[in-house]
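Below: one structure, written as structure tokens.
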Amino acid sequence: DNLSHTKIHAAAGALALGKKWFAGFSVFNINQPNISFYDQNPQPLFRKFMVHGGYRFKRSYSNLIFTPTLFYAHQNSTNQYAIDANFQQGNILYGVGARQMNFNNSSSNSLHTFFQVRKSRWVVGYDVDFNLSLNNSSLPLTHEFTLVYLMPTKERNTAVYNLPTL
């Protein structure tokens, strides 16, 4: 058996930015490639659709920025919903949110928090998810660490950093 396959995988998306709002749409697995190692048992990677958006509120007497966001994803028989409250104060970004995932007549609920700090061109972050659903086999607590280097450009739109990570 040949355990190595090369498949073409296509995705596309769009992001609209205003001075205080953003909205986006993405489609993954556009061509639904067959990811099975065996031709007689096809296993397509189903299309995934994602929609998200948010609005930035800035307090006039402080440098606090509040950005609530909404997120929806659909893939085959799975739906995921999320609502987040993101805050930024200078180079510190933090937030809390709730997620629900529905799959084959069962659901999984979780809360998550995150914290990011930017120093020069580096962004360091930590995210923790708390699984609230006792009826599934998901881990009760997951952790994610992020390290990002922002590449230098001729002109940087500072609003890009202010967008919450989804």
Side-chain angles (χ1 to χ4, degrees), residues 6-33 35 45-75 78-101 103 108-133 138-166:
T6 302
K7 304 291 181 178
I8 294 175
H9 173 80
L15 179 66
L17 289 171
K19 289 188 183 250
K20 294 186 177 191
W21 61 270
F22 65 96
F25 177 80
S26 301
V27 181
F28 299 86
N29 315 318
I30 292 173
N31 56 325
Q32 300 190 90
I35 59 172
L45 189 55
F46 294 106
R47 277 187 200 100
K48 181 176 184 178
F49 301 91
M50 295 172 57
V51 178
H52 70 277
Y55 190 87
R56 291 175 32 150
F57 297 93
K58 185 172 182 177
R59 300 193 69 126
S60 59
Y61 55 87
S62 73
N63 64 349
L64 179 68
I65 299 171
F66 168 57
T67 308
T69 62
L70 296 172
F71 169 83
Y72 170 74
H74 172 80
Q75 184 174 25
T78 303
N79 292 298
Q80 182 178 354
Y81 311 88
I83 184 167
D84 293 318
N86 305 287
F87 300 90
Q88 182 178 352
Q89 215 159 10
N91 286 336
I92 298 174
L93 188 67
Y94 53 96
V96 63
R99 273 186 212 128
Q100 180 180 44
M101 184 176 290
F103 176 72
S108 172
N109 300 304
S110 65
L111 292 176
H112 64 273
T113 62
F114 75 93
F115 179 80
Q116 293 180 346
V117 177
R118 178 178 177 183
K119 179 71 175 168
S120 184
R121 296 194 175 278
W122 290 96
V123 179
V124 178
Y126 171 71
D127 186 334
V128 61
D129 285 10
F130 303 93
N131 184 353
L132 303 176
S133 301
S138 298
L139 294 173
L141 188 65
T142 57
H143 305 271
E144 178 181 320
F145 295 94
T146 306
L147 180 62
V148 175
Y149 178 74
L150 302 169
M151 300 295 286
T153 61
K154 289 182 182 179
E155 184 178 324
R156 174 160 300 280
N157 179 352
T158 56
V160 171
Y161 175 72
N162 295 333
L163 290 178
T165 57
L166 299 177

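In this text, all values refer to a predicted model and were calculated from it rather than measured experimentally.
Annotation for Ile8: atom CD1 does not count as buried by contact number, only 12 or fewer foreign heavy atoms lying within 6.0 Å. Applying the 6.0 Å contact sphere to NZ of Lys119 captures no more than 12 heavy atoms from other residues, nucleotides or ligands.
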Does the side chain to side chain contact (heavy atoms under 4.5 Å, CB included) test come out yes or no for Val128 and Leu141, once each step is laid out? CA-CA 7 Å; Val128 61; Leu141 188 65; 3.4 Å; yes

The test is side chain to side chain contact (heavy atoms under 4.5 Å, CB included); show your working for Leu45 and Lys7 and say whether it passes. CA-CA 11 Å; Leu45 189 55; Lys7 304 291 181 178; over 6 Å; no

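Looking at Phe25 and Val27, their side chains come closer than 4.5 Å, going by heavy atoms from C-beta outward. For the pair Thr113 and Tyr126, the minimum side-chain heavy-atom distance is 4.5 Å or more.
For the pair Ser26 and Phe28, the tightest heavy-atom approach, listed with the atom from each and the gap, is CB-CE1, 3.6 Å. The nearest pair of heavy atoms linking Ala73 to Met50 is CB-CG, 3.8 Å. The shortest heavy-atom contact between Arg47 and Asn29 is CG-O, 3.2 Å. Smallest separation of non-hydrogen atoms from Arg99 and Ala82: CG-CB, 3.7 Å. The two residues His112 and Ala98 make their nearest non-hydrogen contact at CE1-N, 4.0 Å.
No donor-acceptor pair under 3.5 Å is formed between the side chain of Asn86 and the backbone N or O of Gly95. Panel note: side chain Gln88, backbone Gly90; a donor-acceptor pair is recorded below 3.5 Å. At distances below 3.5 Å, at least one donor-acceptor pair connects side-chain atoms of Asn31 with backbone N or O atoms of Ala10. A donor-acceptor pair is defined here as one N or O able to donate and one able to accept, closer than 3.5 Å; such a pair exists between the side chain of Gln75 and the backbone of Phe46. One N or O on the side chain of Ser133 and one on the backbone of Asn109 form a donor-acceptor pair closer than 3.5 Å. The backbone N or O of Trp21 lies less than 3.5 Å from no partner atom in the side chain of Arg56, so there is not a single donor-acceptor pair.
Once rounded to the nearest 0.5 Å, the distance linking CG of Asp129 with CD of Glu144 reads 7.5 Å. Note: Lys58 NZ to Asn63 CG = 7.0 Å, rounded to the nearest 0.5 Å. Between the OG1 atom in Thr78 and the CZ atom in Phe103 there is a gap of 4.5 Å [rounded to 0.5 Å]. Rounded to the nearest 0.5 angstrom, Asp84 CG and His52 NE2 are separated by 11.0 Å. One finds the CD1 atom of Ile83 at 13.5 Å from the CZ atom of Phe71 (value rounded to the nearest 0.5 Å). With rounding to the nearest 0.5 angstrom, the CD1 atom of Ile92 is 13.5 Å from the CZ atom of Arg118.
Every residue two or more places apart in sequence or in another chain that forms a side-chain hydrogen bond (donor to acceptor under 3.5 Å, both in side chains) with Asn79 is listed here: Tyr72, His74. Annotation: side-chain hydrogen bond (donor to acceptor under 3.5 Å, both in side chains) contacts of Asp127 (sequence neighbours excluded): none. Among residues two or more places apart in sequence or in another chain, the side-chain contact (heavy atoms from CB on, under 4.5 Å) test is passed with Phe57 by Tyr55, Phe66, Pro68.
Annotation: Tyr94 is in aromatic contact with Phe87 [ring centroid separation under 6.0 Å].
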